[in-house]
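Inspection log for the structure reproduced underneath, given as structure tokens.
Within every chain, numbering begins at 1; the chains are lettered A, B, ... in the order of the sequence lines, protein sequences first and strands thereafter.
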There are 2 protein chains.
Amino acid sequence: MRDPDTRLDGPDLAALAGLLADGTRASFCLALLDGRAWTATELARHAGVAASTATEHLNLLVGGGLLVQERQGRHRYVRLADPETAQLIETLASMAPRRVTPSCSLPAVNRSRALARARTCYDHLAGALGVAITEAMTDRGLLDWEQGLTLTGNGTAWLAELGIVLPPATRRPPVRSCLDWTERRPHLAGTVGAAMCRHAFDSGWITRIGTSRAVALTEIGRRALRDHLGLSGETHTPIS
Amino acid sequence: MRDPDTRLDGPDLAALAGLLADGTRASFCLALLDGRAWTATELARHAGVAASTATEHLNLLVGGGLLVQERQGRHRYVRLADPETAQLIETLASMAPRRVTPSCSLPAVNRSRALARARTCYDHLAGALGVAITEAMTDRGLLDWEQGLTLTGNGTAWLAELGIVLPPATRRPPVRSCLDWTERRPHLAGTVGAAMCRHAFDSGWITRIGTSRAVALTEIGRRALRDHLGLSGETHTPIS
DNA sequence: AAGACCTTTCGGCCCCCGCCGAAGGATCGC
DNA sequence: GCGATCCTTCGGCGGGGGCCGAAAGGTCTT
């Protein structure tokens with residue numbers, strides 16, 4: 001009568017979920033969603049816990065395979081293990097019950113607005129800018145949503161024209177839809193999304209704002225988006 | 001210096017992950033991955049806990065939105081809330097560390113083999129059969145994996161020929177790749193996968209084995225797969 | 001060599017949570 | 001109505017896990 005399979009796998013699944021079932025560890029992972037490597041102290045301060053506590057959490061996350069670490073001198077750098085892990089955290093975050101944000105101090109609001117406008121989401125672009133780019137690419141026939149998200153022939157040509165070469169096919173899909181937290185609409189992820197984000201940084205279209213995951217569109221970037229995607233200046237600077 | 005966004009969302013994500021961070025609750029969810037509704041007592045027996053314990057867990061899962069319930073007389077039926085929830089559990093299960101299965105009694109092995117051969121995965125087909133169908137559809141040009149998984153024009157025609165009508169587009173993608181636990185290769189999910197599974201049941205191609213999630217291919221189904229997909233009898237009855 | 005900084009180990013505290021059994025509704029079948 | 005079955009509530013037990021501060025180990029700078 002018992003089903004040995006799902007009963008035995010339960011603890012495995014629970015162990016993985018348990019890594020993310022703590023507020024502090026979840027906070028770490030969400031912070032690391034910017035795709036960069038953080039030090040232990042940075043994460044501890046970010047989450048508001050003691051350094052020793054952060055060490056214990058990082059040991060668990062690294063041991064569980066969600067994070068990889070790299071030691072440089074007296075620093076311990078950690079980052080998300082791979083894109084699959086990033087996607088798992090994104091998925092959980094998008095399904096998590098959202099409570100009203102009680103932060104209403106002026107600097108907090110400014111930071112929130114900057115994040116809503118444009119930010120990195122692991123290794124691709126998100127926020128109003130990411131969504132606007134994705135929708136512009138759809139309008140111009142570079143992306144197709146009919147049977148799941150795909151890159152069209154025109155899309156491939158458009159990327160080549162920009163000098164973006166796609167990496168050889170791996171297990172990671174070339175294009176993937178990623179639900180945007182702030183916009184509640186999908187933006188472009190996958191290897192194409194990552195390559196475009198890298199290109200945007202390399203070409204000076206966008207730059208990091210301080211050390212946060214928020215990015216700013218440069219004048220060069222504004223022109224590039226207008227020329228290559230027909231994006232007007234207003235489209236990607238909306239403030240809700 | 002602090003990032004209010006990811007710090008505040010941490011507890012939300014942790015609350016969701018916490019629902020799956022218990023071996024018993026995880027076992028419930030994995031069992032419910034067969035897409036059917038189970039009673040509280042069935043789940044309790046399946047997981048090997050007291051009925052009162054099961055009640056508490058179900059209250060949490062329903063309250064957290066992962067499960068929906070339906071009361072019929074003295075029975076409490078629960079099932080997964082939606083396909084997104086099913087996908088989340090699938091994803092977690094496929095990423096969870098897999099330990100060697102210590103079950104080696106004869107009936108247990110038989111059940112495992114039946115599950116590995118053909119089973120339902122939420123609302124679509126999995127196991128060797130599900131993978132074989134997916135690969136045959138790819139070989140015949142009904143599915144395309146070049147730019148993410150898509151249904152080709154031939155695929156649409158092939159479905160229509162079988163009398164399978166696709167539901168109108170919703171937020172759920174028509175075709176989606178779902179990593180098979182036992183085969184370690186992808187099988188077809190999404191609304192197309194669900195429609196094909198329903199059609200297979202309705203047409204008598206497959207039937208449930210007892211009350212488990214394992215299914216058996218009927219003689220009718222064997223012929224249908226040979227005629228419509230060119231599948232030989234050997235392809236979909238391999239035992240590892 | 002000395003001081004500053006990042007990280008780790010350890011002990012101890014405390015709270016949360018999963019488990020059970022017993023008892024009490026609620027509902028069905030006879 | 002009367003048992004049988006399903007579910008729920010409650011009290012109590014036990015273990016695990018998150019947190020901190022103090023102290024110690026490495027590493028870089030001066």
Side-chain angles (χ1 to χ4, degrees), chain A residues 1-2 7-8 10-32 36-64 66-79 211, chain B residues 1 7 10-32 36-64 66-79 211:
Chain A
M1 188 58 68
R2 290 197 180 163
R7 212 171 61 94
L8 287 178
D12 290 350
L13 197 161
L16 175 58
L19 290 176
L20 298 169
D22 172 80
T24 300
R25 285 195 295 271
S27 170
F28 285 5
C29 291
L30 287 171
L32 290 166
R36 294 177 296 170
W38 293 49
T39 69
T41 312
E42 283 171 345
L43 287 171
R45 269 232 297 206
H46 174 261
V49 296
S52 58
T53 304
T55 291
E56 295 172 357
H57 286 306
L58 291 180
N59 287 341
L60 290 177
L61 290 170
V62 170
L66 291 184
L67 265 48
V68 290
Q69 61 182 344
E70 202 169 336
R71 316 199 86 116
Q72 284 185 14
R74 56 185 167 185
H75 293 281
R76 176 194 206 177
Y77 283 99
V78 293
R79 57 186 163 77
T211 59
Chain B
M1 187 58 67
R7 213 171 61 95
D12 290 349
L13 198 161
L16 175 58
L19 290 176
L20 298 169
D22 173 80
T24 302
R25 284 195 296 271
S27 170
F28 285 6
C29 291
L30 287 171
L32 290 166
R36 295 177 298 171
W38 293 50
T39 69
T41 313
E42 284 171 346
L43 287 171
R45 269 233 297 208
H46 174 261
V49 295
S52 57
T53 304
T55 292
E56 295 172 356
H57 286 306
L58 291 180
N59 286 341
L60 291 177
L61 290 169
V62 171
L66 291 183
L67 266 46
V68 290
Q69 62 181 343
E70 200 169 336
R71 317 199 84 116
Q72 284 185 15
R74 56 183 168 186
H75 293 281
R76 178 194 203 175
Y77 284 99
V78 293
R79 55 185 165 80
T211 59

Length of the CD-P vector between E56(B) and dG18(C), whole Å: 9 Å
Check: T24(B) side chain, dG18(C) base, donor-acceptor under 3.5 Å: no
Value rounded to 0.5 Å, distance of CZ in R25(B) from CG in L13(A): 11.5 Å
R71(B) CZ - dC6(D) P separation (whole Å): 15 Å
R74(B) CZ to dG29(C) P, straight-line distance once rounded to whole Å: 6 Å
L32(B) side, atom CG; S27(B) side, atom OG - distance, nearest 0.5 Å: 9.0 Å
Minimum side-chain heavy-atom gap L58(B)-Q69(B) below 4.5 Å: no
Interatomic distance, R76(B) CZ vs dG25(C) C1' [rounded to whole Å]: 15 Å
Earlier contact from the 5' end, DNA chain D, for Q72(A) and T53(B): T53(B)
Side chain of S52(B) - closest among dG21(C), dT9(C), dC19(C): dG21(C)
Separation of dT8(D) C1' from H57(B) NE2 (nearest whole Å): 15 Å
Protein-nucleotide distance (L60(A), atom CG; dT9(C), atom P), rounded to Å: 12 Å
Closest to the V49(A) side chain, choosing from dT8(D), dG18(C), dC19(D): dC19(D)
Distance in angstrom units between Y77(B) OH and dT27(C) P, rounded: 15 Å
Atom pair CG (L60(B)) and CG (L66(B)), whose distance is rounded to the nearest 0.5 Å: 10.5 Å
Rounded distance in Å - CG (N59(A)) to P (dG18(D)): 12 Å
